[in-house]
Amino acid sequence: MSNDFDNVYEDLQWRNAIAEATPGAQEVLSREKVTCYIGFDPTAKSLHIGNLVPIMGLVRMQRHGHTPIAIVGGGTGMIGDPSGRSEERQLLTLEQIDENVAGIQRQLESFLDFSPSLPNRAQVINNADWLRKVSLIEFLRDVGKHFTVNTMLSRESVRTRMDRDVGISFTEFSYQLLQAYDFLRLFEEQNCTFQMGGSDQWGNILGGVDLIRRIHGGAQQAASASEQRTASKMQPAELPAHALAYPLITTSTGEKFGKSIGGAPTLDPDQTSPYRLYQFFFNVADADAVPYLKLFTMLSRERIEALQEAVETAPGEREAQLTLAAEMTSAVHGDRGLDEARRVTHALFSGDLRKLSATELRGALTEASHGMVRPADLHNGITLASAVTVHGGGMVSSASELRRLVAQGAIKINGNVETDPLRPLTDADFIDNQVMVVQRGKKSHDLIWLEPDQR
RNA sequence: GCAGGGGUUGGGGAGUGGUUAAACCCGGCAGACUGUAAAUCUGUUGCCUAUGGCUUCGCAGGUUCGAAUCCUGCCCCCUGCACCA
């Protein structure tokens, strides 16, 4: 597949994965095999789908023969990047960070090839290795000396915070130095000459590029990366280190990618089931399907172009969405995850709930919340409303809400539209005398179990 | 610190004594149409033992038959100015 393109740069470019690049980046990538890195913030214990762009960036680099390094920010995470934040961050504890780092590391390992035999094997490095050790004096002399406060203050992320009365702490203000320092260390110790990141990180990234240029010069005449950007006419002397930034992904309607189902789906099966991940990508709008295939999958250019054709000629088949969903689910959760996702999808959208046994329902509706009623409740004439709101799994939060949903025909009990929220339940409402399936709209389910009679 | 402005239901933002559970927009949810899409249209969007009741408009009191709307105190925010650096 990598022979679709002569080099990663062209590959990434075709996939619209490049928003910014340092001058000369493309030439370097087409000429030599480099070591590159991307940083991941340990703000949560799982990566989410928003991280897929950088992850796939590293994967593509590796496929093209470059050596990828994923930095997990066990050190920078202790400070917090002010970019895109209107308020000071809550500092995470050391334990939280280390736990998050471990979780992220595990997830990265399923994407990148870490085989020791591989000459360009991937590495995960925790920047805590050096950031938690470096001494303040050393840091200020070696790194701080190369930055002017004037430049640091002009940073967008800093300015927006300065304009607000909450201000910005010195801690977060220093963040840009730390990220630059990371790059410097990797440059010196791993011969890492490339950094990639989101375009929102571009300022921080250039900080590192410039720091390396100042210390390791190369061509003395090399203007700073930022200067070269503005004066790109002149033939630039080669920079010792380079960077690429990918664009921030939005949907075709301009929403932030991944916002739909209450927060971005994560890559952790305990938080976001394979089914939900599958559904997320399956439900992508036509206009987004091909862009996402390009960005997130390893499918060949030929294949993607064929799918693009399919979207145009037979959008109703949703071949692109199906492929996207399958690719993503198996990439994140493996073939077993994909099987599960498909099985649940089939049960929910093509199957007949009433034909399934209680056991099958439990297996199929892994997404459902769960509730429980006792036989005694039944004898006392418990109403449907009470069962769903009080004893249910929390899918409907109040009786008023249930009333409205019922009035709109949105509630189905065991597959049948319900009309009376106040009717008492009977044994007949429980499939196999065990479980009642409450469905809200098309996509959410609540299983209410009848507690086995213990006499 | 001084002067002025303001805190309303998820967000924005009306409302300055009485059909105000509170306009309107966005968002959310659901329905229709479709392709489990987008767009569009429709309904809905505080809670409840429901032709009624209860609780909401920064917090706590007070005036009044009646307050989100008036008074008092407190908390928080914004805008000018000053002070410090």
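As the structure is a prediction and not an experimental result, all values here were calculated from the model. Below, read A as the first sequence line, B as the second, and so on, with proteins coming before strands; counting in each chain starts at 1.
For A/N283, taking side-chain heavy atoms from C-beta onward, the closest of the listed nucleotides B/rG35, B/rU44, B/rU36 is B/rU36. Closest to the side chain of A/R440, from the set B/rC29, B/rG31, B/rU36, is B/rC29.
In this structure, the CZ atom of A/F280 is 14 Å from the P atom of B/rA37, given to the nearest Å. In this structure, A/I411 atom CD1 and B/rU44 atom P are separated by 17 Å, rounded to whole Å. In this structure, A/L322 places its CG atom 13 Å from P of B/rA37, rounding to the nearest Å. One can place CG of A/L324 at 15 Å from C1' of B/rU36, the figure rounded to the nearest angstrom. Rounded to whole Å, the distance from CZ on A/R318 to P on B/rA38 is 11 Å. What separates NZ of A/K443 from P of B/rG31 is a distance of 10 Å, to the nearest Å. Taking atom CD of residue A/Q408 and atom C1' of nucleotide B/rA30, one finds them 4 Å apart after rounding to whole Å. Rounded to whole Å, atom P of B/rG28 lies 16 Å from atom CG of A/L405.
Nucleotides B/rA68 and B/rG6 are separated by 15 Å at their C1' atoms, to the nearest Å. Between the C1' atoms of B/rU40 and B/rA50, the separation comes to 35 Å (whole Å). Nucleotides B/rG73 and B/rC2 place their P atoms 15 Å apart, quoted to the nearest Å. Spacing between B/rC70 and B/rG28 at atom P, rounded to whole Å, works out to 35 Å. When the P atom is used for both B/rG10 and B/rU36, the distance is 35 Å, rounded to whole Å. Between B/rG53 and B/rU9, the two P atoms lie 25 Å apart (nearest whole Å). To the nearest whole angstrom, the two P atoms, one in B/rC47 and one in B/rG11, are 16 Å apart. Straight-line distance between the P atoms of B/rG46 and B/rG62: roughly 30 Å, to the nearest whole Å.
Screening A/V284, A/I49, A/L52 against A/M328 for a side chain to side chain contact (heavy atoms under 4.5 Å, CB included) leaves a single residue, A/L52.
Nearest heavy atom pair, residue A/L299 against residue A/I304, reads O-CD1, 3.6 Å.
Between A/K442 and B/rA37 there is no side-chain N or O to OP1 or OP2 distance below 4.0 Å.
Across all strands shown, B/rU79 forms a Watson-Crick or G-U wobble pair, both distances under 3.5 Å, with B/rA3. The pairing partner recorded for B/rC74 is B/rG58, the criterion being a Watson-Crick or G-U wobble arrangement whose two distances lie under 3.5 angstrom. With both pairing distances under 3.5 Å, B/rG27 is matched to B/rU45 as a Watson-Crick or G-U wobble pair. In a base pair of the Watson-Crick type (N1 to N3 plus N6-O4 or O6-N4) or a G-U wobble (N1-O2 and O6-N3), with each distance short of 3.5 Å, B/rA32 is matched with B/rU40. Base pairing of B/rG17: no nucleotide in any strand meets the Watson-Crick or G-U wobble criterion (both distances under 3.5 Å).
A salt bridge links A/D11 and A/R15; the closest N-O separation between the charged side-chain nitrogens and carboxylate oxygens is under 4.0 Å. Comment: A/D429 engages A/R423 in a salt bridge, judged by a side-chain N to carboxylate O separation of less than 4.0 angstrom. Note on A/R132 versus A/D98: salt bridge recorded, some NZ/NE/NH1/NH2 to OD/OE distance being below 4.0 Å.
Between A/F349 and B/rU36, a base-stacking contact is recorded: ring centres under 5.5 Å apart, planes less than 30° from parallel.
Among pairs with a residue in residues 309-338 of chain A, those fulfilling side-chain hydrogen bond (donor to acceptor under 3.5 Å, both in side chains) read A/D286-A/Q321, at least two apart in sequence or across chains. Residues in residues 372-381 of chain A take part in these salt bridge (charged side-chain N to carboxylate O under 4.0 Å, His left out) pairs, two or more places apart or across chains: A/R374-A/D377.
Ring geometry for A/F281 versus A/F296: interplanar angle over 60°, hence perpendicular rather than tilted (30 to 60°). Relative ring orientation between A/Y278 and A/F282 is described as parallel, the plane-to-plane angle staying below 30° on a 0-90° scale split at 30° and 60°.
Sequence order on RNA chain B of the closest nucleotides to A/G409 and A/Y275 puts A/G409 first from the 5' end. Looking at which nucleotide of RNA chain B each of A/A410 and A/Q321 is closest to, the 5′-most match is held by A/A410.
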Between the protein and nucleotides 47-50 of chain B, are there any N/O to N/O pairs under 3.5 Å, and if so, what are the atom names and distances?
from   : atom 1 : to     : atom 2 : distance (Å)
B/rC47 : OP1    : A/S398 : OG     : 3.2
B/rC48 : OP1    : A/A399 : N      : 3.0
B/rC48 : OP2    : A/S398 : OG     : 3.4
B/rC48 : OP2    : A/A399 : N      : 3.3
B/rC48 : OP2    : A/S400 : N      : 2.8
B/rC48 : OP2    : A/S400 : OG     : 2.6
B/rA50 : N6     : A/R403 : NE     : 3.0
B/rA50 : N6     : A/R403 : NH2    : 2.9
B/rA50 : N1     : A/R403 : NE     : 3.1

